[in-house]
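Below you'll find the structure, written out as structure tokens, and then a few comments.
It should be emphasised that the depicted structure is a prediction, and the values quoted were computed from it without experimental measurement.
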Amino acid sequence: MHICQVTEDFLPNVGGMSQHVYELGKCQVELGHRVTVLNQIVAENAYDDRFLVDHDEEMAGMHVKRRVLLSNRKKFRMLGFALK
């Protein structure tokens, strides 16, 4: 099965939600599923300027797609991310 997790919070951010998404995806991969994590990067919260561009990476067998959202209006962030 191909599982897609959509999240605003994912590693390397520190916190319970990012760790939960990571561990859940890792377990799903171990069960033989294909996992894609779609992660929103909010520009003003980016942990490193190198990642202020859309990019893909592999992590613990999961395909991680990171997409940048440049909106500074909090209530519109998720809408813009969903449309992108």
Side-chain angles (χ1 to χ4, degrees):
M1 179 187 312
H2 187 186
I3 299 168
C4 181
Q5 297 182 21
V6 180
T7 181
E8 289 184 355
D9 195 12
F10 192 64
L11 298 177
N13 295 343
V14 177
M17 181 60 73
S18 59
Q19 191 65 34
H20 176 74
V21 173
Y22 172 76
E23 293 295 334
L24 182 62
K26 193 168 79 170
C27 289
Q28 291 168 331
V29 167
E30 289 172 5
L31 290 171
H33 300 293
R34 189 169 56 142
V35 178
T36 299
V37 177
L38 184 56
N39 176 227
Q40 173 183 354
I41 300 172
V42 179
E44 63 268 19
N45 296 335
Y47 53 92
D48 191 327
D49 286 345
R50 293 175 298 158
F51 296 109
L52 286 177
V53 294
D54 293 350
H55 65 281
D56 298 350
E57 61 187 276
E58 292 293 323
M59 182 182 291
M62 295 175 279
H63 185 69
V64 180
K65 297 173 136 319
R66 298 186 192 266
R67 299 298 178 254
V68 177
L69 182 67
L70 298 174
S71 173
N72 58 1
R73 302 193 71 191
K74 227 175 188 182
K75 67 181 181 178
F76 294 115
R77 284 184 184 156
M78 198 58 185
L79 175 62
F81 179 55
L83 292 173
K84 188 172 186 177

Validation row: D56, R67 side chains within 4.5 angstrom (heavy atoms): yes
Quick check: closest heavy atoms across S18 and L11, and the distance to 0.1 Å? CB-N, 3.7 Å
Joint cluster assignment, F10 & V29, ILVMFWY side-chain distance < 4.5 Å: yes
If you compare all heavy atoms of R66 against all heavy atoms of N39, which two are closest, and at what distance to 0.1 Å? NH1-OD1, 2.8 Å
If you take all heavy atoms of E58 and M62, which pair is closest and at what distance? OE1-O, 3.1 Å
Worked verdict on V37 versus T7 for side-chain contact (heavy atoms from CB on, under 4.5 Å): CA-CA 7 Å; V37 177; T7 181; 3.9 Å; yes
Heavy-atom pair of closest approach, residues T36 and K65: CG2-CD, 3.9 Å
Please round to the nearest 0.5 Å and tell me the distance separating atom CD of Q28 and atom NE2 of H2. 10.5 Å
How long is the straight-line distance from CD1 of I3 back to CG of L31, given to the nearest 0.5 Å? 8.5 Å
Say you draw a straight line from NE2 of H33 to CE of M1; how long is it, rounded to the nearest 0.5 Å? 5.5 Å
